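Values in this document were obtained by computation on a predicted structure and should not be read as measured data.
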Amino acid sequence: MTQFITHSAVFFKKSADLPFQTKTETLAVEIPVALVYNGISHTVMMCTPTDLEDFAIGFSLTEGIIDKPNDIYGVDVVESCHGIEVQIELATRCFVRLKELRRTLTGRTGCGICGSEQLEQVTKKLPKLNRTLQFDIRLLDNCLSAVYSAQTLGKETGATHAAAFFDVQGKLLAIREDVGRHVALDKLLGWYAQHQTPQGFVLVTSRASYEMVQKVATCGVEMLAAISAGTELALKMAQDTDLTLIGFAREGRATIYCGAERIKCG
């Protein structure tokens, strides 16, 4: 399925001789995607219809539905007239756990907790992360440049977020894009879990909310960098899990909220 469509629109520019002009705009596709576990629909999310196998695995991991990718026996992506079904064959013990979660997510763009029945389901108690990562902060500028260069859908439409994974040398290993920042991150973490969980960190083109911290920490990644700010709850969760949290990652600067022991300069 296509990631974007073209549309004829009227463009206004005050300084032009002809302020109204017709031009072709490129729009990101946003479509309902149902995650169906063992024949039972669990949630519908609004997504860009790419890397949906990665999304299925990443979402299942970050929601605690599975413990490892091998808990999923198969993934089939089936298009319909109303959207897409991602049909997931789940291990029996995980399916029992899923039913116990008693969650029904409504699924809006960027929504991570729609339909949670209890407040306790929103934030999870996670184990402390390892302290194996050391990153030279001077490499961050190159990482930012690499993300901007690799955002093919973002450059085409201006409507998507990206989540990227870098190794400790600042090499871009993977990037995923979506209209939803949470979905982009789930797609990336699905890739991460299937590639022997390499050492490195995640960089996102959004703010660092608690859901983003929770997803990254759930998968054992030790550092999250965001181009926008962190939130108070994101900081608390990062401190509780020993995650290194960076906000305002811009050229020549960054705010290290916590976990500065993993950061070096030279």
Under 30°, 30 to 60°, or over 60°: which ring-plane class applies to F165 and Y192, parallel, tilted or perpendicular?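 Geometry flag for Y192 against F165: tilted rings.
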Would you say [X]'s side chain and [Y]'s backbone share a donor-acceptor pair under 3.5 angstrom?
| X | Y | value |
| --- | --- | --- |
| Y257 | G230 | yes |
| E177 | G154 | yes |
| R181 | M212 | no |
| E89 | Y37 | no |
| R250 | I227 | yes |
| E222 | L133 | yes |
| T244 | M223 | no |
| T205 | A162 | yes |

Non-hydrogen atoms of [X] and [Y] that approach each other most closely:
| X | Y | answer |
| --- | --- | --- |
| A146 | L172 | O-CD2, 4.1 Å |
| L245 | A238 | CB-CB, 4.0 Å |
| A254 | L140 | CB-CD2, 3.9 Å |
| A28 | T157 | N-CG2, 3.6 Å |
| A217 | L126 | CB-CD1, 3.8 Å |
| D141 | G252 | OD1-N, 2.8 Å |

Flag the pair R93 and D71 as a salt bridge only when some basic side-chain nitrogen lies within less than 4.0 angstrom of an acidic carboxylate oxygen.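 Here R93 pairs with D71 in a salt bridge, since their nearest N and O are under 4.0 Å apart.
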Enclosure of K236 NZ (heavy-atom neighbours >12, cutoff 6.0 Å):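 Check fails, neighbour count at 12 or below.
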Would the number of heavy atoms belonging to other residues, nucleotides or ligands and lying under 6.0 Å from NZ of K171 be above 12?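 Counting neighbours around NZ of K171, 12 or fewer heavy atoms of other residues, nucleotides or ligands fall under 6.0 Å, so no.
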Would you check if [X] and [Y] make a side-chain contact, meaning some heavy-atom pair closer than 4.5 Å?
| X | Y | result |
| --- | --- | --- |
| V179 | T160 | yes |
| H42 | I88 | no |
| E63 | K215 | yes |
| K187 | T48 | yes |
| L189 | T62 | yes |
| I246 | I263 | yes |
| H182 | S209 | yes |
| Q194 | D54 | yes |

Please check if [X] and [Y] belong to a single hydrophobic cluster, counting links between Ile, Leu, Val, Met, Phe, Trp and Tyr side chain heavy atoms closer than 4.5 Å.
| X | Y | result |
| --- | --- | --- |
| L139 | Y148 | yes |
| V168 | V216 | no |
| F201 | M237 | no |
| V204 | L153 | no |
| M45 | I40 | yes |

Applying salt bridge (charged side-chain N to carboxylate O under 4.0 Å, His left out), can you list everything that pairs with K264, at least two apart in sequence or on another chain?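 Partners of K264 under the salt bridge (charged side-chain N to carboxylate O under 4.0 Å, His left out) test: none.
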About how many Å separate [atom2] of [Y] and [atom1] of [X], when rounded to the nearest 0.5 Å?
| X | Y | atom1 | atom2 | value |
| --- | --- | --- | --- | --- |
| D51 | D178 | CG | CG | 9.0 Å |
| L243 | C258 | CG | SG | 6.5 Å |
| F55 | I84 | CZ | CD1 | 11.0 Å |
| T43 | F59 | OG1 | CZ | 5.0 Å |
| I72 | L90 | CD1 | CG | 6.5 Å |
| N70 | I57 | CG | CD1 | 9.0 Å |

Please tabulate, one pair per line, all N/O donor-acceptor pairs under 3.5 Å involving side-chain atoms of residues 3-21, not counting sequence neighbours.
unit_1	atom_1	unit_2	atom_2	d
Q21	NE2	L18	O	3.1

Determine, step by step, whether R262 and L129 satisfy the side-chain contact (heavy atoms from CB on, under 4.5 Å) criterion, reporting the C-alpha distance in whole Å, the side-chain angles of both residues, the deciding distance to 0.1 Å, and the verdict. CA-CA 12 Å; R262 292 191 181 93; L129 292 165; 4.2 Å; yes
